[in-house]
Amino acid sequence: MTNKKKTSFKRTEKYQRTGYKFIAPGLLMMVLLIIYPMLYGAYLSFYNTNLVNKWKFVGFKYYLEAFTKPEFYTSVLLTFWFMILVVVGHFVIGFLLASTLNKKFHGRTIFRVIFMLPWLFPETVIALLFTWIMNPMYGVLNSILKSLGIISSNVSWLGSAKFAFPAVVAVCIWKGYPLVMTMILSGLQSISHDLYEAAEIDGANKWQQFLHVTVPGLKPVMTTTLILDSVWWFKQYTLVYTMTGGGPGTATNLISLNIYGTAFNDLRFGKAAAWGIIVFVICYLISKLYRMVLKDD
């Protein structure tokens, strides 16, 4: 028995070593690309530095400034408002399209591919495309609206403080809804049709079936999707920067653009690092809040 135990232990140890070898490359990449930059960013946040010849220890100065000066929390509140509008738009459009595409009709696969296209295009390409569409001089959006009699003169959609923020939100909704649509569609397809038949036999109408069958069945998918979508768009940078650069004024100056400008325009890398750490904590708290609210009963 002792020899058998030793042999079994050696075999298990061999399998474990093999497993460690398989995960070692991925673990190394994670350390180099995620863990090390985060730790280095936390280190920088305690210094007033330009990363070259200026290294002055300031402690928690930049963290305190974030909550005492309006520059930071004004940008964070704008980012929260941006995130809420975009995520709500994603879920409204995504759920409606997923419910439609879950039904059987001719050409359903083709429509699924078509509705997925916005997610497949790079963000920079979409930003440049809509910048051209919304151009105040030769953009097709103004031409279409003028031909329909909705506007009488050209509108500077991205150059106006009144229209820039809604325009950016609309583009981000169009870009991101396919992810939510796909996740909800996969969730709908995982719900057994037998549950709907049983509910119908018990006398439940369509609305009651939705509340007591569809919603509970979608809750795990919805929770994961909501967390991913919210965090992704809270730290959105590429689309907004390419379309407006944070302007006009501070109309679209999200916290990600603010951090970038602080680091690479003002060369205040310590301050930008501190703000980045706070944003990381905010994103973590967002995920925790969603899990608390949407946890299973």
Side-chain angles (χ1 to χ4, degrees), residues 70-97 114-182 225-226 228-262 264-265 279 282-283 286:
E71 179 186 2
F72 177 80
Y73 57 78
T74 301
S75 185
V76 168
L77 290 176
L78 180 68
T79 306
F80 266 113
W81 182 231
F82 168 82
M83 179 197 73
I84 291 170
L85 291 176
V86 172
V87 172
V88 169
H90 287 169
F91 273 81
V92 171
I93 296 175
F95 190 85
L96 291 175
L97 291 177
I114 292 174
F115 287 128
M116 271 299 298
L117 289 178
W119 185 253
L120 302 179
F121 289 116
E123 291 185 347
T124 305
V125 173
I126 289 179
L128 293 174
L129 175 65
F130 276 94
T131 300
W132 173 76
I133 291 174
M134 297 180 182
N135 187 280
M137 300 299 295
Y138 52 81
V140 295
L141 179 59
N142 278 328
S143 299
I144 293 173
L145 295 179
K146 285 171 68 176
S147 65
L148 295 175
I150 298 177
I151 59 175
S152 58
S153 60
N154 289 345
V155 177
S156 180
W157 299 101
L158 300 178
S160 166
K162 179 180 179 181
F163 295 111
F165 185 78
V168 168
V169 168
V171 173
C172 291
I173 291 175
W174 184 84
K175 162 63 179 171
Y177 81 82
L179 174 65
V180 178
M181 178 194 73
T182 304
T225 307
L226 190 58
L228 292 175
D229 202 46
S230 297
V231 171
W232 177 269
W233 292 100
F234 186 86
K235 59 184 186 65
Q236 168 58 221
Y237 172 82
T238 307
L239 272 168
V240 182
Y241 179 80
T242 306
M243 293 181 69
T244 66
T250 58
T252 60
N253 191 29
L254 304 184
I255 188 60
S256 57
L257 278 72
N258 210 330
I259 292 174
Y260 178 88
T262 301
F264 295 100
N265 295 335
V279 168
I282 291 174
C283 290
I286 289 173

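The local environment of OH in Y237 is crowded, with over 12 non-hydrogen atoms from other residues, nucleotides or ligands closer than 6.0 Å.
Using bins of under 30°, 30° to 60° and over 60° for the plane-to-plane angle, the ring pair W174/F130 lands in the perpendicular bin.
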Handout entry: Worked check of side chain to side chain contact (heavy atoms under 4.5 Å, CB included) between N142 and W157
Key = CA-CA 9 Å; N142 278 328; W157 299 101; 3.0 Å; yes
Exercise for the section: Let me see the working for W233 and K175 under side chain to side chain contact (heavy atoms under 4.5 Å, CB included), right down to the final yes or no. Expected result: CA-CA 11 Å; W233 292 100; K175 162 63 179 171; 3.9 Å; yes
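Nearest heavy atom pair, residue A161 against residue P248, reads N-CG, 3.4 Å. Considering every non-hydrogen atom in both F115 and P178, the closest pair reads O-CG, 3.4 Å. L78 and T250 get closest at one heavy-atom pair: CD2-O, 3.7 Å. In terms of heavy atoms, W132 sits closest to Y138 at CD1-CE1, 3.3 Å. Scanning all heavy atoms of the two residues, the minimum distance from Q236 to L254 falls at O-CD1, 4.1 Å.
Between the side chain of H90 and the main chain of C172, a donor-acceptor pair closer than 3.5 Å is present. Side-chain atoms of T238 never come within 3.5 Å of backbone atoms of T124 as a donor-acceptor pair (strictly under, hydrogens ignored). Between the side chain of T242 and the backbone N or O of L128, no donor-acceptor pair lies under 3.5 Å.
Taking CE of M134 as the start and CG of L141 as the end, the distance is 6.0 Å to the nearest 0.5 Å. Between the OG1 atom in T131 and the CD1 atom in I126 there is a gap of 11.5 Å [rounded to 0.5 Å]. With values rounded to the nearest 0.5 angstrom, L179 atom CG is found 4.5 Å from W119 atom CH2. From T79, atom OG1 reaches atom CG of N258 across 8.5 Å, with rounding to the nearest 0.5 Å. Atoms CG and OG, from L158 and S160 in turn, are 9.5 Å apart once rounded to the nearest 0.5 Å. Here the CE-CD1 distance, from M83 to I286, works out to 4.5 Å after rounding to the nearest 0.5 Å.
F234 has its ring centre no less than 6.0 Å from the ring centre of F82.
Here the side chains of L129 and F121 are not in contact, with every heavy-atom distance at 4.5 Å or above. With contacts defined as side-chain heavy-atom distances shorter than 4.5 Å, the pair V169/W81 does not qualify. The shortest side-chain heavy-atom distance between L239 and V168 does not fall under the 4.5 Å cut-off.
Listed by chain and number, the residues in a side-chain contact (heavy atoms from CB on, under 4.5 Å) with P122 are V125 (sequence neighbours excluded). Scored by the side chain to side chain donor-acceptor pair (under 3.5 Å) test, K146 finds N154 as partners (sequence neighbours excluded).
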